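Excluded from the calculations below are hydrogen atoms, water molecules and symmetry mates; all remaining heavy atoms, backbone and side chain alike, are included. Computed from a predicted structure; not experimentally measured.
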Amino acid sequence: MSKNTSQQQSATSLSRLCELSNEVDPSKQEVKISDTLINPPRRQFTSQRRKLTDGERRQYARMASLHLSKLQQRLPANAHIGLYYDGFGELPTQPLLDWCQRLGYFPYLPVVGSLGRDDKGNMDKQLRFVPIYQSKLLNVPTRIHSLGMKQNHHRRLLWARELDVIICPLVAVDLNGNRMGMGGGFYDTTLNKSYRSGAKKPLKIGWCYDFQVVEQLQRQPWDVPLDGLITPSGIRWF
């Protein structure tokens with residue numbers, strides 16, 4: 001994506017902000033895939049994310065944050081919100097932390113492998129969540145996990161069921177809320193029990209660029225779909 005093209009897309013999206021309702025029409029930036037349901041390769045999206053400049057990422061994140069008021073309508077006071085570090089070119093999550101702090105919500109970050117490994121040496125895939133006490137994600141003390149992501153450790157860890165919302169990272173998402181992650185299965189494993197039981201929380205919300213939205217993805221039996229999606233051009237409920 002050239003800088004001029006990105007600026008034109010930003011201007012187009014900004015001009016439409018006042019016209020959007022709770023649901024938006026599919027973006028012209030959406031990537032179409034065939035009826036064979038062969039998912040596009042992850043690198044198609046991760047490469048496109050990496051081509052964005054820091055300024056473009058921040059601009060898109062500011063645009064997406066304008067739609068958080070519609071998520072707020074579904075939350076209790078003093079809600080507990082699961083966030084994540086945007087360490088791989090994702091839509092920046094600092095505006096989410098700003099939003100939490102402005103409204104008195106309690107923000108958390110995921111911790112991978114807090115329960116160690118099983119008797120076969122496999123890493124436990126149940127995410128737990130650590131509270132954020134800093135106003136900037138850059139100031140949160142972290143260490144690099146063996147899988148490559150940043151994470152913080154703290155004595156007080158919450159289970160996913162204790163959160164009201166989990167903002168889920170993703171590589172791609174389709175118009176039915178089916179989510180393509182990085183392939184580790186951490187979020188699907190963590191959210192599977194509450195999803196199967198029909199529990200109303202946590203809400204599962206995607207946060208991504210418009211070009212990560214596709215028409216349809218192949219869904220596996222273990223996949224947990226999203227409840228909603230926020231992009232720079234609007235919010236969509238599934």
Side-chain angles (χ1 to χ4, degrees), residues 6 10 13-14 17 49-50 52-114 127-145 147-170 181-182 186-187 190-191 201-210 212 226-235:
S6 297
S10 296
S13 296
L14 281 170
L17 288 178
R49 290 191 316 203
R50 287 195 298 269
L52 297 173
T53 67
D54 289 343
E56 289 167 340
R57 291 190 182 98
R58 289 192 297 269
Q59 173 68 0
Y60 285 133
R62 283 193 294 268
M63 292 163 61
S65 69
L66 296 177
H67 309 296
L68 289 170
S69 59
K70 296 172 185 176
L71 174 58
Q72 179 186 343
Q73 297 169 7
R74 301 197 177 200
L75 301 181
N78 304 316
H80 295 259
I81 314 291
L83 310 180
Y84 64 91
Y85 290 102
D86 53 291
F88 300 97
E90 300 100 330
L91 188 66
T93 53
Q94 179 61 45
L96 292 168
L97 178 56
D98 297 339
W99 171 68
C100 287
Q101 294 173 334
R102 187 168 61 251
L103 296 178
Y105 295 154
F106 296 95
Y108 296 80
L109 289 169
V111 174
V112 174
S114 64
L127 295 174
R128 298 170 77 191
F129 293 81
V130 59
I132 303 173
Y133 296 111
Q134 291 78 11
S135 61
K136 299 293 182 183
L137 287 172
L138 287 174
N139 296 333
V140 176
T142 62
R143 63 188 185 192
I144 303 299
H145 189 273
L147 296 176
M149 77 285 286
K150 293 180 180 180
Q151 66 178 29
N152 175 256
H153 286 274
H154 191 274
R155 290 183 179 180
R156 185 172 185 270
L157 295 173
L158 267 62
W159 296 101
R161 63 178 178 271
E162 299 178 80
L163 301 177
D164 295 290
V165 177
I166 293 182
I167 307 294
C168 301
L170 58 89
M182 289 298 293
F186 291 98
Y187 279 85
T190 300
L191 297 168
K201 64 179 244 185
L203 279 176
K204 303 166 290 293
I205 306 296
W207 173 260
C208 69
Y209 302 103
D210 285 291
Q212 293 177 266
L226 298 172
D227 297 307
L229 176 69
I230 299 175
T231 69
S233 64
I235 185 168

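The CG atom of Leu109 lies 6.0 Å from the CG atom of Leu83; values are rounded to the nearest 0.5 Å. For the atom pair Tyr60 OH and Cys208 SG, the distance stands at 12.5 Å (nearest 0.5 Å). Note that CD1 of Ile132 is 12.5 Å distant from CZ of Phe106, once rounded to the nearest 0.5 Å. A distance of 11.0 Å separates CZ of Arg50 from CG of Leu52, quoted to the nearest 0.5 Å. To the nearest 0.5 Å, atoms CG (Leu226) and CD1 (Ile167) are separated by 10.0 Å.
Residues satisfying the side chain to side chain donor-acceptor pair (under 3.5 Å) criterion with Arg62, sequence neighbours excluded, are Gln59. Remark: Asp54 pairs with Arg57 by the side chain to side chain donor-acceptor pair (under 3.5 Å) rule, at least two apart or across chains. Partners of Tyr108 according to the side chain to side chain donor-acceptor pair (under 3.5 Å) rule, which considers only residues two or more places apart in sequence or in another chain, are His80. When the side chain to side chain donor-acceptor pair (under 3.5 Å) test is applied to Asp164, no partner is found at least two apart in sequence or on another chain.
When every heavy atom of Tyr187 is checked against every heavy atom of Cys168, the shortest pair comes out as CD2-SG, 4.1 Å. Here the shortest heavy-atom pairing between Pro92 and Tyr209 reads CD-OH, 3.9 Å. Of all heavy-atom pairs spanning Gly206 and Leu170, the tightest one is CA-CD2, 3.9 Å. Nearest heavy atoms, Pro202 versus Arg161: CD-CA, 4.4 Å. Heavy-atom minimum distance, Lys201 versus Leu163: CE-O, 3.4 Å. Contact record, Ile235 with Lys70: CG2-CD, 3.4 Å, taken as the closest heavy-atom pair.
Between the side chain of Trp159 and the backbone N or O of Thr190, no donor-acceptor pair lies under 3.5 Å. Side chain of Glu90 to backbone of Pro169: no donor-acceptor contact under 3.5 angstrom is found. Asp86 contributes no side-chain N or O that, together with a main-chain N or O of Leu91, makes up a donor-acceptor pair within less than 3.5 Å. A donor-acceptor pair is defined here as one N or O able to donate and one able to accept, closer than 3.5 Å; no such pair exists between the side chain of Asp227 and the backbone of Ile205.
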Can you give me every donor-acceptor pair (side chain of residues 95-105, partner residue at least two apart or in another chain, under 3.5 Å) with its distance?
from, atom 1, to, atom 2, distance (Å)
Asp98, OD1, Gln94, NE2, 2.7
Gln101, NE2, Gln134, O, 2.9

Verdict with reasoning, Leu203 to Ile166, per side chain to side chain contact (heavy atoms under 4.5 Å, CB included): CA-CA 6 Å; Leu203 279 176; Ile166 293 182; over 6 Å; no
